[in-house]
Amino acid sequence: MAAKNKYEEPGPSVSPHEALEFHAMGRPGKLEVTPTKPMATQRDLSLAYSPGVAVPVQAIAEDPSRAFDYTTRGNLVAVISNGTAILGLGNLGALASKPVMEGKAVLFKRFADVDSIDLEVDTADVDEFINSVRYLGPSFGGINLEDIKAPDCFIIEQRLRELMDIPVFHDDQHGTAIIAVAGLINALAITGRDMATAKLVCNGAGSAGIACLELIKSMGFKPENVLLCDTKGVVFKGRKEGMNQWKSAHAVETDKRTLAEALDGADIVFGLSVKGALTADMVRSMADNPIIFAMANPDPEITPEEVAEIRSDAIMATGRSDYPNQINNVLGFPYIFRGALDVRATTINDEMKLAAARALAELARRDVPDDVAAAYQGNRPKFGPNYIIPVPFDPRLISAVPVAVARAAMDSGVARRPILDLDKYANELSARRDPIASTLQRIYDRVRRQPKRVVFAEGEEEQVMRAAVSYVNQQLGTAILLGRDDQIRETAKNAGVDLDKPGIEIINARLSRRNEAYADHLYERMQRKGFLLRDCQRLINNDRNHFAACMVALGDADAVVTGVTRNYSTALQDVRRVIDAKPGHQVIGVSLALSRGHTVLVADTAVHDMPDAPELADIAEEAAGMARRMGYEPRVALLAYSTFGHPPGERSERVQEAVKILDKRRVDFEYDGEMAADVALNPKLMRQYPFCRLSGPANVLVMPAFHSASISTKMLQELGGSTVIGPLLVGLNKPVQIVSMNAKDSDIVNMAAIAAYNAGA
């Protein structure tokens, strides 16, 4: 039995029954249309349709480019097929291709936030198909052709590219080529080969095979070093049998006639043919450290297990998810169209394809984040022979590939709307898939301008090390790892984390020259609370939270992040022994809830169990201050189960009293209460209370108790699809942030950035 690949994607193989049930359950299919504008009132309808719609109609008639401003065209791709080559199933017709095209549309949305609609054209006639598609140009920003047989696909794509002023991209050709080339770039680097001298054989002269050859030649492979094979053997100059113009373009002078002869001494083989096309003898005859991309689906030309029996030096890639190095088109087409759409490119040219391939290759060389490791049950892929291509779960794809494509489109002159600030564009792309990114971007930008020294208290934990490296790589400042030097370096070595770079320091609390000063500082604070000097010395030597907090308290670092190995309340207790609240401030926890483009701050989510009226007023002030520091003008709602006295109750009275206290303090932000959450967030419900002081929906919610804050944020996260950051500690005299236990590296670095940001506040 073949060993299970440790990087196998999660989940069992699907049964036919399960696949059918999945597509049939609920609303059949995989897509629906959701309006992006309100349709609740007569005025909404008047704006969306008659008479309001006449205004953008006239504007577009005067200037067609305004269609990108007033319609969905700039973010809409058509996925089009005639079903003549569906997956590996053959010509099953246009209607049978619809599940595949719907699936492609779903992938566009899921991975790159590109809206897409599938169109199945019921004709196998090339001219009829072209005419069906060409006149759809005004509807879309791009055309993705799919599952069209060769050589028809070559003719169709070429003609449509000539006839249309938007990108036309046959993914079966170019998608496979781009991902394969990305893997090839890294395989060449690992094996020390030069593309100018490397010898490559491509077995399969269909759409994908031809596209692969065109792309690798454009990147620098010598035509004389590239052999194309089909079912008739090697495509050589002068061959008559089974030839067409696309094969002829890759015919070379050679005396080799069979695939076996072509592979003798070859460095690389691309398989885009059928199961079993490559034999053990063929692989055995290849050069040292052969690069074998067996990409036939669903079964490769030869399996990694078969290759492993005869070659221990081979780098393998396949089209399957249950082996390393999957050549998966989803790594390409969503992000390529994202970049092309965003610069309103007229086409997708070779420069853009190669830019995408190089961006993918570069991404595979970077450390893999926890999000990717989590998708592989904790097995963390590392750049090398078994990891030369990123995986579809990598959240960095959205900001890496489209930027490269957009830059190439601009440099090659096919962009109609250049992007002036590509760094800003990358941040905007991250925000499309990760709502946290846009909220935290201003924080990251500020810290980069004023870098800070942040102590990572649990420095022996792998995810903490990765967060520290990320903190430094993002130019946020210096990362200080607390822990035993030998233990940290051993863990880092095993995990493939490079700590030998400027900006990373390792401090062992037991060996630090500052121990005595830290112990004296702690003793001065705790001597009247039952602590002896030796108790404080023991805490400084053995407890990294106390040591880290003292570093910040005495100015040896700017901020602390902790919490990975102990619960929140314990970590907070440790820190509070060293650091007080700011004079006149209240220590609270504030969580950020992000949902559907809206950000709401919720307090107190960490400290006060059942706050009284003065404490509620304090919480409101602290949370409002936090909102301002994050760039929001606070509108604070003090929440309860009742709204402005109905129904009455003791707990509501406490909230009402808090509002009166805020009145007396004459605070400089909007606030009101008590009110129910729906009233606070829904402007229509709020208008039922014309006396309400809030000018719009609340963006700061003060909860009446810790339990309601905790329950509501967790429900938002689990049921409402919201993203929740925090709790963020607010009100301490020195910046400290506590992450949740077992937090991912991305969560830790976000909290470190927030702590550093507060250090400069």
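Quick note: numbers below take in every heavy atom, side chains included, and nothing from hydrogens, waters or symmetry partners. Only a predicted model underlies this, so the values are computations on that prediction, with no experimental measurement involved.
The shortest distance between side-chain heavy atoms of Arg525 and Arg577 does not fall below 4.5 Å. Between Asp69 and Arg66 there is a side-chain heavy-atom pair separated by less than 4.5 Å. At a threshold of 4.5 Å between non-hydrogen side-chain atoms, the residues Val454 and Val560 do not count as touching. Within the 4.5 Å cutoff, no side-chain heavy atoms of Asp535 are placed close to those of Tyr523. Considering only heavy atoms from C-beta on, Ile480 comes within 4.5 Å of Met551 through its side chain. Looking at Met686 and Cys692, their side chains come closer than 4.5 Å, going by heavy atoms from C-beta outward.
Residues that satisfy the salt bridge (charged side-chain N to carboxylate O under 4.0 Å, His left out) test with Arg665, not counting sequence neighbours, are Asp618, Glu621. In this structure Asp520 satisfies the salt bridge (charged side-chain N to carboxylate O under 4.0 Å, His left out) test with no other residue, sequence neighbours excluded. Among residues two or more places apart in sequence or in another chain, the side-chain hydrogen bond (donor to acceptor under 3.5 Å, both in side chains) test is passed with Thr34 by none. For Lys714, the side-chain hydrogen bond (donor to acceptor under 3.5 Å, both in side chains) partners at least two apart in sequence or on another chain are Ser710. For Glu460, the side-chain hydrogen bond (donor to acceptor under 3.5 Å, both in side chains) partners two or more places apart in sequence, or in a different chain, are Arg484, Arg544. Under the ring-ring contact (aromatic ring centres under 6.0 Å, His included) criterion, Tyr335 pairs with no residue, sequence neighbours left out. Take Asp672 and apply the salt bridge (charged side-chain N to carboxylate O under 4.0 Å, His left out) test, not counting sequence neighbours, and it matches no residue. In this structure Arg628 satisfies the salt bridge (charged side-chain N to carboxylate O under 4.0 Å, His left out) test together with Glu633, Asp668, sequence neighbours excluded. In this structure Phe644 satisfies the ring-ring contact (aromatic ring centres under 6.0 Å, His included) test together with Tyr689, Phe691, sequence neighbours excluded.
In this structure, CD on Gln573 lies 6.5 Å from OG1 on Thr570, to the nearest 0.5 angstrom. Expressed to the nearest 0.5 Å, how far CG of Leu638 lies from CD1 of Ile661 amounts to 10.0 Å. One finds the CD atom of Glu102 at 12.0 Å from the CG atom of Leu107 (value rounded to the nearest 0.5 Å). One finds the OG1 atom of Thr562 at 10.0 Å from the CD atom of Glu461 (value rounded to the nearest 0.5 Å). Here the CG atom belonging to Leu76 is positioned 6.5 Å from the CG atom belonging to Asp115, to the nearest 0.5 angstrom. Within the model, atoms OG of Ser399 and CD of Glu428 stand 12.0 Å from one another, a figure rounded to the nearest 0.5 Å.
Within a 6.0 Å sphere centred on CD of Gln475, heavy atoms belonging to other residues, nucleotides or ligands number 12 at most. Under a cut-off of 6.0 angstrom, the local environment of OH in Tyr641 is crowded, with over 12 non-hydrogen atoms contributed by other residues, nucleotides or ligands.
Minimum interatomic distance between Ala752 and Tyr471 (heavy atoms only, all atoms of both residues): CB-CD1, 4.0 Å. Summarising the geometry of Ser430 relative to Ile398, their closest heavy-atom pair is CA-CG2, 4.2 Å, with the distance given to 0.1 Å. Of all heavy-atom pairs spanning Pro634 and Ala624, the tightest one is CG-O, 3.7 Å. Between Phe108 and Val77, the shortest heavy-atom contact is CZ-CG1, 4.0 Å. Residue Val578 comes nearest to His521 through the heavy atom pair O-NE2, 3.9 Å, listed as atom of the first residue, atom of the second, then distance.
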Could you list the donor-acceptor pairs under 3.5 angstrom formed by side chains in residues 728-739, with sequence neighbours left out?
from: Gln737; atom 1: OE1; to: Leu729; atom 2: N; distance (Å): 2.9
from: Gln737; atom 1: NE2; to: Leu729; atom 2: O; distance (Å): 3.1

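Evaluation of the salt bridge (Lys or Arg N to Asp or Glu O under 4.0 Å) test over residues 467-481, restricted to residues two or more places apart or in two chains, returns none. Legend: salt bridge (Lys or Arg N to Asp or Glu O under 4.0 Å) pairs involving residues 687-701, not counting sequence neighbours, sorted by first then second residue: Asp663-Arg693.
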Going through the distances and angles, do Val590 and Asp604 end up as a side-chain contact (heavy atoms from CB on, under 4.5 Å)?
CA-CA 6 Å; Val590 176; Asp604 173 10; over 6 Å; no

Report the C-alpha separation of Asp556 and Arg453 in whole Å, then their side-chain angles, then the decisive distance to 0.1 Å, and conclude whether the salt bridge (charged side-chain N to carboxylate O under 4.0 Å, His left out) test is met.
CA-CA 8 Å; Asp556 295 332; Arg453 288 169 56 83; over 6 Å; no

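Looking at Arg338 and Asn75, their side chains do bring a donor and an acceptor atom within 3.5 Å of each other.
By the 4.0 Å N-to-carboxylate-O rule, Asp543 lies close enough to Arg566 to be salt-bridged with it. Under the 4.0 Å criterion applied to side-chain N and carboxylate O atoms, Asp445 and Arg448 are assigned as salt-bridge partners.
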